[in-house]
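Following: one structure in structure tokens, then a few remarks.
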2 protein chains.
Amino acid sequence: MSPRRSSPARAAALERSAPLFAALGDPTRLRLVARLGGEGPLSIARLSAGAGVTRQAVTKHLRVLADAGLAHAARRGRESVWQLDRKRLEDARRHLDLISQQWDLALGRLRDFVEE
Amino acid sequence: MSPRRSSPARAAALERSAPLFAALGDPTRLRLVARLGGEGPLSIARLSAGAGVTRQAVTKHLRVLADAGLAHAARRGRESVWQLDRKRLEDARRHLDLISQQWDLALGRLRDFVEE
DNA sequence: GGCTTGTGCAACTTCTGGGTTGCATAATTC
DNA sequence: GAATTATGCAACCCAGAAGTTGCACAAGCC
């Protein structure tokens with residue numbers, strides 16, 4: 001095995017995280033994430049109260065977040081309580097880190113090349 | 001002023017970062033970002049070679065990245081060379097950090113409440 | 001000057017995402 | 001058991017995103 005993973009492998013891993021960023025890329029959804037992050041687990045009804053959209057819209061958004069692995073629900077009586085999955089959030093963060101790091105390296109190589 | 005910024009201010013700041021995540025939320029675009037991150041500044045022609053789509057499609061995507069503040073171009077002769085803007089990448093990362101942190105706090109409060 | 005290469009602009013198609021309304025149904029509460 | 005509350009499901013609308021093709025044009029190369 002190579003100490004530096006080959007680009008294709010990394011590229012594939014990165015591309016797979018696109019849905020994750022897409023899930024975070026909607027204002028309404030980001031607001032839901034922020035509320036879940038700030039207030040803890042909440043039911044759909046309570047989440048809908050604050051949002052400026054219909055309950056069904058909220059439900060759809062939650063579904064998207066769930067598909068991206070960012071949140072999940074637990075049925076409690078007649079209500080379904082949603083909460084965040086921190087792990088995926090950190091995954092996303094790590095991806096951004098990776099790009100930033102590579103970017104530094106690339107600029108370094110570029111500078112070396114120019115100065116040569 | 002309050003030591004802990006009020007939620008509305010934070011919420012607004014977070015919501016403003018939605019376009020940023022949206023820009024990263026497309027596989028083709030994420031691939032462009034990865035390539036720019038890994039190989040350094042590249043012209044549209046070179047970027048189009050690797051991508052599985054038309055040059056015009058690539059141009060559009062680059063435009064989106066630029067609008068999100070994630071990249072910018074510099075004209076060099078007849079070609080326009082694109083490169084990443086690391087600052088915005090870190091902004092995005094910081095937002096994710098913030099949510100994660102709040103989430104920890106929220107879970108802590110919840111635990112305290114239950115154990116009480 | 002003539003050919004090739006690298007971009008920009010514009011019109012057009014297609015498909016998906018965000019949102020809604022309407023109706024059905026399971027849990028609670030009184 | 002009747003009224004209320006919390007959700008799920010399905011059909012539908014509409015705007016915008018992703019991609020394409022076609023044409024014009026500037027910059028380099030011979």
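Below, read A as the first sequence line, B as the second, and so on, with proteins coming before strands; counting in each chain starts at 1.
- No single ILVMFWY cluster, assembled from side-chain heavy atoms under 4.5 Å apart, contains both A:Leu32 and A:Val64.
- No donor-acceptor pair closer than 3.5 Å links the side chain of B:Arg93 to the backbone N or O of A:Asp97.
- We find that CD1 of B:Ile44 is positioned 19 Å from P of D:dC25, with the value rounded to whole Å.
- What you find for B:Pro19 and B:Ala68 is that their closest heavy atoms are O-CB, 4.2 Å.
- In this structure, B:Arg29 reaches the sugar-phosphate backbone alone: every heavy-atom distance under 4.0 Å involves primed, P, OP1 or OP2 atoms, never a base.
- Between A:Ser43 and the phosphate of D:dT5, there is no side-chain N or O to OP1/OP2 separation shorter than 4.0 Å.
- Here C:dG17 presents its P atom at 18 Å from CG of A:Leu30, a figure rounded to the nearest Å.
- In the interface, the side chain of A:Arg55 is paired with the base of D:dG8 through a donor and an acceptor atom under 3.5 Å apart.
- The CG-P distance, from A:Leu62 to C:dG17, rounds to 16 Å in whole Å.
- Per the geometry, CZ belonging to A:Arg31 stands 14 Å off C1' belonging to C:dG18, to the nearest Å.
- Residue whose closest nucleotide on DNA chain C sits further toward the 5' end, between B:Trp82 and A:Glu79: B:Trp82.
- Summarising the geometry, the separation between NZ on B:Lys60 and C1' on C:dC12 is reported as 10 Å, rounded to the nearest angstrom.
- Here B:His61 reaches the OP1 or OP2 of D:dG19: one of its side-chain N or O atoms lies under 4.0 Å away.
- The distance between atom CZ of B:Arg63 and atom C1' of D:dG16, rounded to the nearest whole Å, is 16 Å.
- When heavy atoms are screened at a 4.0 angstrom cut-off, B:Thr54 is found touching base atoms of the nucleic acid.
- Residue B:Ala57 is classed as a base contact, given a heavy-atom separation below 4.0 Å to a base.
- You won't find any donor-acceptor pair under 3.5 Å spanning the side chain of B:Arg78 and the base of C:dT7, going by distance alone.
- An end-to-end axis angle of 30° holds for the helix from C:dG1-D:dC30 to C:dC30-D:dG1, taken from five base pairs per end and rounded to 10°.
- When side chains are defined from C-beta on, A:Asp91 does not count as touching A:Ser17, because their heavy atoms never get closer than 4.5 Å.
- Surrounding CZ of A:Arg46 are at most 12 heavy atoms belonging to other residues, nucleotides or ligands under 6.0 Å away.
- No path of Ile, Leu, Val, Met, Phe, Trp and Tyr side chains, each step under 4.5 Å between heavy atoms, connects A:Leu84 with A:Val81, placing them in separate hydrophobic clusters.
- Here the P atom of nucleotide C:dG17 and the CG atom of A:Leu32 are 17 Å apart, to the nearest Å.
- Of all heavy-atom pairs between B:Gly50 and B:Arg31, the closest is O-NH2, 3.2 Å.
- Within the model, atoms CG of B:Leu24 and CG of B:Leu70 stand 5.0 Å from one another, a figure rounded to the nearest 0.5 Å.
- Contact annotation: A:Ser48 side-chain N/O to D:dA6 OP1/OP2 distance is not under 4.0 Å.
- Side-chain atoms of A:Gln56 come within donor-acceptor range of the base of C:dG22, with a qualifying N/O pair under 3.5 Å.
- When the nearest nucleotides of DNA chain D are assigned to A:Arg46 and B:Asp26 by heavy-atom distance, the more 5′-ward of the two goes with A:Arg46.
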